[in-house]
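For reference, the structure I am asking about is given below.
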There are 2 protein chains.
Amino acid sequence: MPKKSFLPIVRELVRCYQAFEAHSAGHIRSMGLTPPQFDIIATLGNTAGMSFKELGEKTLITKGTLTGVVDRLEAKHLVGRSASPTDGRSQIVRLTAKGEELFGKVFPTHINHVGRAFMNYSATDLKQAESTLRQLRAALAGIEESA
Amino acid sequence: MPKKSFLPIVRELVRCYQAFEAHSAGHIRSMGLTPPQFDIIATLGNTAGMSFKELGEKTLITKGTLTGVVDRLEAKHLVGRSASPTDGRSQIVRLTAKGEELFGKVFPTHINHVGRAFMNYSATDLKQAESTLRQLRAALAGIEESA
DNA sequence: TATTGTTATACTCTATAACTATA
DNA sequence: TATAGTTATAGAGTATAACAATA
């Protein structure tokens, strides 16, 4: 297999993400949040809340860091903590009414804005891009185990 | 155009990048660097050096931050500064011998490791994935201007 | 003993703005 | 006046490890 042929893919992947992230981060900061904070709001949206453990697994934020990020969101009254009814060690994090409002108002705007990028995509293009990325993700996820 | 159909693409893109980044960051830290530091090493590799301005444009790191990151790499004796011969305000950053050695030794290893992900890709698959990502990048890059 | 979340430490990155020295 | 890079400031994320409470 030709060794260099995958390099453009990785390069383009990184650039795609950077292009997405550059826009995304700007919009996120315009609402007074950081990307990790938005990540948590988006993860908690449309759920009944979840434990720190689960939240950390979904957002890929480690527990020590997560405590700090949740602290800052709590200081902004966007999320709240409550004791788990089933496990005395566990805390449930969930959106407050203010957090729900932010999620409901800002998330669709955020999505719509990104959606403009796909104006010129046909339904077939969309399907094909999704399939390609799905395959790529499976491939990349395999790196760790094959190490 | 169906509004929701691009969401899986964005989601997969983020996951692809995270999968890549998770592995990449681990490898980078194992050689005592941070991702931004590695970014600079990789950008300076195989060049005769470049100004802070150019380096900042290529790595998307703003000038104030860049000074600090370069300071840390200089403290590790991986890069050096020298006055620009043509512009008295400008500094040229380039890899030291130690920096070149690190680049020459570690970069190929890094690339090869990522390359394993593409073991099951045919030449056609590679071409197609690259083309899809290139198209996606162009689309995403257009978001800013259309805002 | 193992797990959940908190705390403590130390460092790096980040944005922003004021500053200098050259152009 | 504008530009290249530095410095200063304040905040936020990160990894890591030690810790308390509970399982």
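Each chain gets a letter, A, B and so on, in the order the sequences are listed, and its residues count up from 1. Bear in mind that the values here come from a model prediction, so they are computed numbers and not experimental data.
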Inset, instruction - May I have the distance from F52(A) (atom CZ) to dT3(C) (atom P), rounded to whole angstrom? - result: 19 Å
Inset, instruction - Could you check whether S51(A) gets within reach of a base, just the sugar-phosphate, or nothing at all, counting any heavy atom under 4.0 Å? - result: sugar-phosphate
Legend entry - Spacing of CG belonging to D125(A) relative to CG belonging to N120(A), to within rounding of 0.5 Å: 9.5 Å
Inset, instruction - Could you state the atom-to-atom distance from CG of L55(B) to C1' of dA4(D) in whole Å? - result: 13 Å
Inset, instruction - Could you check how far CG of L33(B) sits from P of dT12(C), rounded to whole Å? - result: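 Distance check: L33(B) CG to dT12(C) P gives 11 Å.
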Legend entry - Phosphate OP1/OP2 of dT22(D): any S90(A) side-chain N/O under 4.0 Å: no
Inset, instruction - From the options dT6(C), dT3(C), dA21(C), select the nucleotide whose nearest atom is closest to the side chain of R89(A). - result: dT3(C)
Inset, instruction - Establish, with yes or no, whether the OP1 or OP2 oxygen of dT6(D) is under 4.0 angstrom from a side-chain nitrogen or oxygen of R81(B). - result: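 So the side chain of R81(B) is within the cut-off, an N or O lying under 4.0 Å from OP1 or OP2 of dT6(D).
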Inset, instruction - Compare side-chain N and O positions of T62(B) against OP1 and OP2 of dA15(C) and report whether any pair is under 4.0 Å apart. - result: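 Yes, T62(B) has a side-chain N/O under 4.0 Å of OP1/OP2 on dA15(C).
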Inset, instruction - Measure from NZ on K53(B) to P on dT22(C) and round the result to the nearest Å. - result: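 For the pair K53(B) NZ and dT22(C) P, the rounded distance is 19 Å.
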Inset, instruction - Give the rounded distance in Å between these two atoms: CD of Q37(A) and C1' of dT14(D). - result: 15 Å
Inset, instruction - Check the angle between the aromatic planes of F107(B) and F103(B) and answer parallel, tilted or perpendicular using the 30° and 60° thresholds. - result: parallel
Legend entry - Whole-Å distance separating the NZ atom of K63(A) from the C1' atom of dT3(C):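 Taking NZ of K63(A) and C1' of dT3(C), I get 8 Å after rounding.
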Inset, instruction - Among dT14(D), dA2(D), dG5(D), find the nucleotide with the atom closest to the side chain of I61(A). - result: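 Among dT14(D), dA2(D), dG5(D), the one nearest the side chain of I61(A) is dT14(D).
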Inset, instruction - Using whole Å, report how far CD of E21(A) lies from P of dT14(C). - result: 11 Å
Legend entry - T34(B), nearest nucleotide to its side chain (from dG5(C), dA21(C), dT12(C)):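 In terms of side-chain proximity for T34(B), the closest of dG5(C), dA21(C), dT12(C) is dT12(C).
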Legend entry - H23(A) versus H113(A), side-chain donor and acceptor atoms under 3.5 Å: yes
Inset, instruction - Hey, which sits more toward the 5' end of DNA chain C by its nearest nucleotide, T65(B) or T67(A)? - result: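 The answer here is T67(A).
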Inset, instruction - May I ask you to evaluate whether R29(A) reaches the phosphate of dG11(D), defined as a side-chain N or O under 4.0 Å from OP1 or OP2? - result: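 Indeed not, no polar side-chain atom of R29(A) lies that close.
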Inset, instruction - Using distance alone, with no hydrogens and no angle criterion, decide if T109(A) and N112(A) have a side-chain donor and acceptor under 3.5 Å apart. - result: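 No - no donor-acceptor pair under 3.5 Å links their side chains.
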Inset, instruction - Give the rounded distance in Å between these two atoms: CG of D71(B) and C1' of dT7(D). - result: 10 Å
Inset, instruction - Tell me what G68(A) touches on the nucleic acid: a base, only sugar-phosphate, or nothing, going by heavy atoms under 4.0 Å. - result: nothing
Inset, instruction - Identify, between L60(A) and G88(A), the residue whose nearest nucleotide on DNA chain D lies closer to the 5' end. - result: L60(A)
Inset, instruction - Measure up the H110(A) and H27(A) rings against each other and bin them: parallel (under 30°), tilted (30 to 60°), perpendicular (over 60°). - result: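 H110(A) and H27(A): parallel rings.
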